[in-house]
Asks: 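Here's a structure for you.
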Amino acid sequence: MRRLLMMLGLYVLVLSPFPVALSERCHPQDKKVLLRFKKELNNPYFLASWDPKEDCCDWYCVKCDDRNNRIYTIFLKSDEPDPNVTGQIPPSVGDLPYLRGLNFHNLPNLVGPIQPTLAKLHKLQGIFISNTGISGPIPEFLAHIKTLQYIELSSNRLSGPIPSSLSQLPNLISLQLDRNKLTGTIPSSFGSFKKPGPDLILSHNQLSGPIPTSLGNLDPDRIDLSGNNFVGDASFLIGSKKKIRVFDLSRNAFSFDLSRLTFPKETLTWLDISHNNIYGSIPTALTKVRYFQQLNFSFNPGLKGQIPQGGGLQTFDKYSYFHTNLCGSPLPPCTE
């Protein structure tokens, strides 16, 4: 009789029109939260695979940790701008306690502030929100998520100052806030980041003022301050003993003597100081830099003298030296 019942149960299971998860990995609480997350985004087609009858570890845009079957990543990314994802960042995201990565990309109708419930995510390592309609300030509560390694908030509508409290994040590797509407100065507290310090990608905002000299203590891989309203000296950010790879100060109002600078020979690949008020001559030390991919001195009328010969300086055309008072190859010869 028992065997007959087992066979009957198997028969019903096989012929049932509804799929039954025999060994669903997904944690039931995470599944419940994700379904609420989907509803808070107005059930977009983008999340059509989020079927309550299916194992949520198999859903599109999420990943489960094989060790505990908890959701550790949500990535809503579109190759083209997707207007069908609408509303704010779902508050329910804060109820995924094992979440380490959160990624929203190319979702122009994702609006509102950065969700305060993110403060509950004590395992979060990366927040990536780019090409969305997210607005408002960069929240202070991010400084309380000590596990954060990556804050990348490019191409949104964020405004207001950069919180000085972000310098309290002990593991930060990259701070990418470019192409927003941020104002104010770079906090002087950023000089206290644990060395070498995070990449500082702050380009194309409305930031202003001088660069805090405390930032000279850092040696990140990338510094991009282009397209702002910075003034004064920034020469202390670079030097021969540093390992910086990308250094972009273009389209500001920086003013310092280029002649006295030294540069890292082995690591520097990108140097753009165009569209500033930088003066002096090009140091011969730049001929020793091995791997230039981008070099631009243009629109600094205070630069003068002969362009040093050798290295990679002549591999760039005249437009890298345009609207200066420099001379020599690739510009016309010096007359004096």
Asks: Measure from the side-chain N and O atoms of N277 to the backbone N and O of N300, and report whether any donor-acceptor pair falls under 3.5 Å.
Replies: no
Asks: For the pair K195 and D219, find out whether any cationic side-chain nitrogen is under 4.0 Å from an anionic carboxylate oxygen.
Replies: no
Asks: If the threshold is 4.0 Å, N to carboxylate O, is there a salt bridge linking D221 and K243?
Replies: no
Asks: Do the cysteine sulfurs of C56 and C64 sit under 2.5 angstrom from one another?
Replies: no
Asks: If you measure only the distance, is there a donor-acceptor pair under 3.5 Å linking the side chains of S298 and H323?
Replies: no
Asks: Less than 4.0 angstrom from a charged side-chain N to a carboxylate O is my criterion; do D248 and R222 meet it?
Replies: no
Asks: Compare all side-chain heavy atoms of V93 with those of V33 and state whether any distance is below 4.5 angstrom.
Replies: no
Asks: Tell me if the centroids of the rings in F297 and Y321 come within less than 6.0 Å of each other.
Replies: yes
Asks: Looking only at heavy atoms, what is the nearest atom pair of F75 and V62, with distance?
Replies: CE2-N, 3.7 Å
Asks: Just by modelled atom types, is the L158 backbone N or O under 3.5 Å from a matching donor or acceptor in the N156 side chain?
Replies: no
Asks: Between F322 and F299, what is the ring plane arrangement, given parallel below 30°, perpendicular above 60°, and tilted in between?
Replies: perpendicular
Asks: Under a 4.5 Å cut-off applied to non-hydrogen side-chain atoms, are I151 and L169 in contact?
Replies: yes
Asks: So how far is it from K32 NZ to S92 OG, rounded to the nearest 0.5 Å?
Replies: 11.5 Å
Asks: Is the ring pair W59/W50 parallel, tilted or perpendicular, if the boundaries are 30 and 60 degrees?
Replies: parallel
Asks: Roughly how far, to the nearest 0.5 Å, is CD1 of I134 from CD of Q88?
Replies: 7.5 Å
Asks: So does I244 get a backbone contact from the side chain of T267, meaning a donor-acceptor N/O pair under 3.5 Å?
Replies: yes
Asks: Inspect the contact between R179 and D224 and indicate whether a charged nitrogen and a carboxylate oxygen are less than 4.0 angstrom apart.
Replies: no
